[in-house]
Amino acid sequence: MAKEIPDLVAEVRAGTGKGAARAARRAGMVPGVVYGGDTDPLAIQIPFNVLLKKLKAGQFKSTLWNLKVEGQDDVRVICRDVQRDVVKDLPTHLDLMRLRRTSKINLFIPVEFVNEEECVGLKRGGVLTVVRSEVELVVTAGDIPEKITVDLTGKAIGDVINISDVDLPAGAKPTIDRDFVIANVAAPAGLASADSEEEGEEEAAEA
């Protein structure tokens, strides 16, 4: 199932240049430009509070957006830059790039763990330690996976789950070349500390 693409609602901005951008900011808007896709650049503006909320939610620049502008066809875009005030660190301008359905982009895809009830390690008191709740993948704009699924069936205490252990959606691949860890099934805290004490006693006896 493809990941639902969130809407980003903007307005056409009257005029370009510094004067028009300042006027937009005085009106409580953040000016921006949409470019690419074999179409002329489009000057837009987004309500400051709306954009700030989306920025604070995280992953704004790695999210594919469905840009909605009145009088224009909806288009898929990704943010290429957000300029900020050097003192207040608040957004002052943004650049959006249009994408075709076949475009390859980097996005963070959430990881879902399933079949915990079939995980041997968890049944024995182990703890699932999630190292990455999201994984950055290179995906096709027209076929973005909603999530990555990790099957915990049969996993024991001490087992490590790497990205190579996961069946990735067709056409998707990690942005990191190495075989990185997604999660592991750790021993319960009491057992881990007991093991550490035993190791310490053995080392003391050997000394």
Side-chain angles (χ1 to χ4, degrees), residues 1-6 8 36-37 54-66 76-84 89 94-196 198-200 202-203:
M1 179 180 176
K3 183 179 181 181
E4 184 177 350
I5 301 172
L8 183 63
K54 291 183 183 299
L55 288 171
K56 286 184 175 180
Q59 308 298 351
F60 184 83
K61 292 178 72 174
S62 59
T63 296
L64 182 68
W65 299 96
N66 179 48
R76 295 183 179 193
V77 299
I78 193 166
C79 180
R80 281 308 183 209
D81 188 41
V82 177
Q83 297 172 26
R84 295 174 179 267
D89 195 36
L94 78 160
D95 295 326
L96 302 174
M97 186 175 74
R98 301 182 185 96
L99 293 172
R100 298 184 180 89
R101 290 184 62 85
T102 55
S103 298
K104 293 287 188 180
I105 52 173
N106 295 5
L107 291 179
F108 283 90
I109 306 299
V111 178
E112 179 185 57
F113 297 90
V114 298
N115 294 328
E116 292 188 12
E117 67 279 3
E118 302 298 327
C119 179
V120 177
L122 296 184
K123 283 183 177 180
R124 294 180 176 174
V127 179
L128 179 65
T129 302
V130 178
V131 178
R132 292 176 187 265
S133 59
E134 296 179 314
V135 174
E136 189 177 20
L137 299 177
V138 180
V139 297
T140 305
D143 191 22
I144 298 173
E146 183 178 6
K147 59 195 175 186
I148 297 170
T149 302
V150 176
D151 189 350
L152 297 174
T153 301
K155 297 297 181 184
I157 290 175
D159 281 357
V160 176
I161 303 163
N162 294 318
I163 188 65
S164 61
D165 300 319
V166 181
D167 290 329
L168 295 178
K173 68 176 184 177
T175 57
I176 301 174
D177 289 335
R178 60 183 171 79
D179 191 17
F180 55 86
V181 176
I182 293 179
N184 62 69
V185 182
L191 180 59
S193 59
D195 288 345
S196 297
E198 286 180 10
E199 288 176 6
E202 288 176 2
E203 290 174 0

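Since the model is a prediction, treat every value here as computed from it, not as a measurement.
- Taking CG of D159 as the reference point, atom CG of N184 lies at 9.5 Å (rounded to 0.5 Å).
- When atom types are taken as modelled, the side chain of N162 and the backbone of S164 share no donor-acceptor pair closer than 3.5 angstrom.
- Atom NZ of K173 sits in a sparse spot, with 12 or fewer heavy atoms from other residues, nucleotides or ligands closer than 6.0 Å.
- With a 4.5 Å cut-off on side-chain heavy atoms, C79 and T63 do not count as touching.
- No more than 12 heavy atoms of other residues, nucleotides or ligands sit less than 6.0 Å from atom CZ of R124.
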Next on the checklist: Does K104 form a side-chain contact (heavy atoms from CB on, under 4.5 Å) with T140? I'd like the steps, not just the answer.
Outcome noted: CA-CA 5 Å; K104 293 287 188 180; T140 305; 3.0 Å; yes
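- Heavy-atom neighbours of D177 CG from other residues, nucleotides or ligands within 6.0 Å: at or below the threshold of 12.
- For the atom pair E112 CD and I148 CD1, the distance stands at 11.0 Å (nearest 0.5 Å).
- Here the CG atom belonging to L122 is positioned 11.0 Å from the CG atom belonging to N115, to the nearest 0.5 angstrom.
- Between V150 and K155, the closest side-chain pair of non-hydrogen atoms is not below 4.5 Å.
- Only one option out of I144, L64, N106 pairs with V139 in a side chain to side chain contact (heavy atoms under 4.5 Å, CB included); it is I144.
- Taking the side chain as every heavy atom from C-beta outward, P174 and F180 approach each other to under 4.5 Å.
- Between A186 and I157, the shortest heavy-atom contact is C-CG2, 4.2 Å.
- V166 has its side chain out of reach of V111: every pair of non-hydrogen atoms, C-beta onward, lies at least 4.5 Å apart.
- The distance from atom CD1 of I161 to atom CG of L128, rounded to the nearest 0.5 Å, is 6.5 Å.
- For the side chain to side chain contact (heavy atoms under 4.5 Å, CB included) test with L168, the passing option among I163, T149, I109, V135 is I163; the others fail.
- Of the residues V138, L137, T175, I78, the one that meets the side chain to side chain contact (heavy atoms under 4.5 Å, CB included) test with L107 is I78.
- The closest side-chain heavy-atom distance from L96 to W65 is not below 4.5 Å.
- Side chain of R98 to backbone of G36: a donor-acceptor contact under 3.5 angstrom is found.
- The heavy-atom pair separating G126 from P188 by the smallest distance is CA-CD, 3.9 Å.
- For the atom pair CD1 of I182 and CD of E134, the computed distance is 12.0 Å after rounding to the nearest 0.5 Å.
- Here the OG atom belonging to S103 is positioned 7.0 Å from the CE atom belonging to M97, to the nearest 0.5 angstrom.
- Considering all non-hydrogen atoms of both residues, R178 and R132 come closest at NH2-NH2, 3.9 Å.
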